[in-house]
Amino acid sequence: MKKAILTLALAAALPLGAQQKPVYLDETKPLEQRVEDALKRMTLQEKLKVIHAQSKFSSAGVPRLGIHEVWTDDGPHGVRPEVLWDEWDQAGWTNDSCVAFPALTCLAATWNPEMSLLYGKSVGEEARFREKDVLLGPGVNIYRTPLNGRNFEYMGEDPYLSSRMVVPYIQGLQSNGVAACVKHYALNNHEVNRHNTNVIVDDRALYEIYLPAFKAAVQEGKAWAIMSSYNLYEGHHVGQNKRLLDDILRGEWKFDGVVISDWGGVHNTDQAIAHGIDMEFGSWTDGLSNGASNAYDNYYLANPYLQRIKEGKVGTKELDDKVRRVLRLMFRTSMNSKKPFGSMCSEAHYEAARRIGQEGIVLLKNEGNVLPIDLNKVKKIAVVGENAIKMMTVGGGSSSLKVQREISPLDGIKARVAGKAEVVYARGYVGDATGEYNGVVTGQNLKDDRTPEQLIAEAVEVAKGADVVIFIGGLNKSAGQDCEDSDRAGLNLSYGQDNVIAALAEANKNLVVVNISGNAIAMPWVDDVPAIVQDWYIGSEAGPALAGILMGDVNPSGRLPFTFPVALEDVPAHKLGEYTGERTRDTVNIKYNESIFVGYRWADKQKKVKPLFPFGHGLTYTTFEYGKPTADAKTMTADGKLTVTVAVTNTGSREGQEVVQLYIADKKSTLPRPVKELKGFQKVKLAPGETKQVSFTIEKDALSYFDDQKHEWVAEPGKFEAIIAASAADIKGKVPFELK
Ligand code: GLC
């Protein structure tokens, strides 16, 4: 009794405001209750303010209620430096240099979801430390053409690989109280005419190829935000598209987060009101340049919206729905007092960047024992090529960064072999000497007026005198290479690199070609070069990561997340169309004529088309042997499971990691299906001589295809095969089974 009186007395003594927290501020209350409580306290003006930008990268809070603003920032590979309130140019802060993590193509190439979790957690710590509530990434658009300027920001050609690799990234990132904003939903598969391309694609390809990674991001990753893409689908810009935003994202997938427009992706007030966009950013900009002063009150979802409400043309139901979703985002991020504090430029982040890079580098070819370089024998190393020295963390569009450091491949190699071998460098070719993006400069002076002949002569001279030659070239982050808002003009390397490689192959047979790119390239010299490495934009730790692989400190374990075609006409987007590189201001209808036959699905279908290097391919410095795969049953019921097991042995002399891949083949189906489709993979570490049993449990989902007539996923009874493989072209064994 006494206690109760005391409590009452205390309560009475406290000023009213301190007595009980309003529900929306009480983190012990259920999220939805807090959302409703906040919503009912907000005025009409306050509701309109939170659904569009107030600056380049932020949207308003509700100061009166103590509800914070929402701060977003790019991008998928690291946290972009601060820009001015209403400009793209640098704010000139001196505390916003970050760690650049590897491009997401490299992350996908690790085929290791643990690397995704490490990546998301690390980049999330940097974003949290920088007080960001939303990181504008990761991107999971499917590689439909190797010319797409932004493929380096995505996770390859296969929906299953992208799905498995994007989920842990989101979980790791959001564990910091920072929202992932998975982009660009959907069908933004090339960059030329990205604002006015109207994609025409059948539902089978939409559901089987282009949507799965976004669906996994929402349903498994529990992403708190999705970014709608610039392009049109079925004649409507995706940023205000009923089918994609209302029917599929919210209707079918039950997405409860916010849809943030791409910068300049909203074009019409009525459409934006009616369909599921929640936060309008960057209107009247192309996400890169124009629209310096955006006049935020004139945004489509600002005064024009208020006007329609005042004139009674629209109610406030849609507005309340949008504000609910924005409040949900706020309580998960900016208003979340439980989130950790993050960290920046920590050794742990550099270590993570290096590890992910080293797990993603792909050894494409290794004959003549050039690799790994044996420093007991090799005393002089020639390094040739602009990409050995060129900073790659600046440029490429919105994923461009201002790093605390970036160790170049040349510096990485020099540091690694110091005291053991001499390193001589030659430029080999001059590619892109500029080094600036949005006011961030590399500080490098890559200017070189020598002629190609002079450059090649010098490189050959240097090569002749060396025990091993490492050519480091590929693409870069300038327009027309791997860069936003532009596509490449063709599959071949630029700047005369093929001639340099041919000359080097002549001069010294111990040649390694290292291709730094986010896309496939043509290799006319492939038969003349004994060792080829697919390196990626690895970021701050580019040098140490590559050097560790080349010198054999780390056994390469990356596998290609996309097919390397021999030529462009081997790619269905170009063979069947449609893809157009010509810029125009009109709406461009692009039909995805290949439908579901993207990447290896196409290569398998075209018996005579052999890829240069297949999807899933990657060598190591050891060898693996596979036993005969077996299944624990011959038949499977629709609600049943079937387990396939295969023994994998390391038959080499050093530890290595093998990526065991499971493809499923439907031997007979009512609708056309690919020969096989990736439905499982496991990366296993094996000591020399060690054998591991690798098992995959197959369920009905892995057998299903999307029937666009019935509008549902269908697993048809009949004969199937579980195919165990080390790449899409290296089949190790098949196990037949039947679905009853
Ligand atoms: C850009 C990009 C998008 C980026 C946004 C903000 O145009 O398309 O990926 O996050 O605008 O920079």
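All values reported here derive from a predicted model rather than from experimental measurement. Just so you know, ligand 1 is whichever comes first in the structure, and atom 1 is the first atom listed for that ligand. Along the sequence shown, the residues carry numbers beginning at 1.
Centroid-to-centroid, the aromatic rings of Phe564 and Phe562 come within less than 6.0 Å. Remark: aromatic rings of Trp284 and Tyr299 are close, center separation under 6.0 Å.
Within the 4.0 Å heavy-atom shell around ligand 1 one does not find Glu153.
Ligand 1 has no N or O atom lying under 3.5 Å from any N or O atom of Trp263, backbone or side chain. Looking at ligand 1, you'll find an N or O of Lys183 within less than 3.5 Å of one of its N or O atoms.
Cation-pi contact between Lys477 and Tyr437: absent, since separation from the ring centre below 6.0 Å together with deviation from the ring axis within 45° is not met. A cation-pi geometry, defined here as NZ or CZ lying under 6.0 Å from the six-membered ring centre and within 45° of its normal, holds between Arg405 and Tyr350.
Proximity of Phe281 to ligand 1, defined as any heavy-atom pair under 4.0 Å, is not found for any part of the residue. By the criterion of a heavy-atom distance under 4.0 Å, the side chain of Arg150, and not its backbone, is placed next to ligand 1.
Annotation for ligand 1: atoms under 4.0 Å from non-hydrogen atoms of Arg80 are 12 (O). Taking every non-hydrogen atom of Ser398 and a distance limit under 4.0 Å, the qualifying atoms of ligand 1 come out as 2 (C), 3 (C), 4 (C), 9 (O), 12 (O). Every atom of ligand 1 is numbered from 1 in the order shown, and the set under 4.0 Å from a heavy atom of Leu136 is 10 (O).
Side-chain atoms of His184 and Arg194 form no donor-acceptor pair, as typed in the model, at a separation below 3.5 Å.
With a 6.0 Å radius and a threshold of 12 heavy atoms from other residues, nucleotides or ligands, Trp93 has its CH2 atom at or below the threshold.
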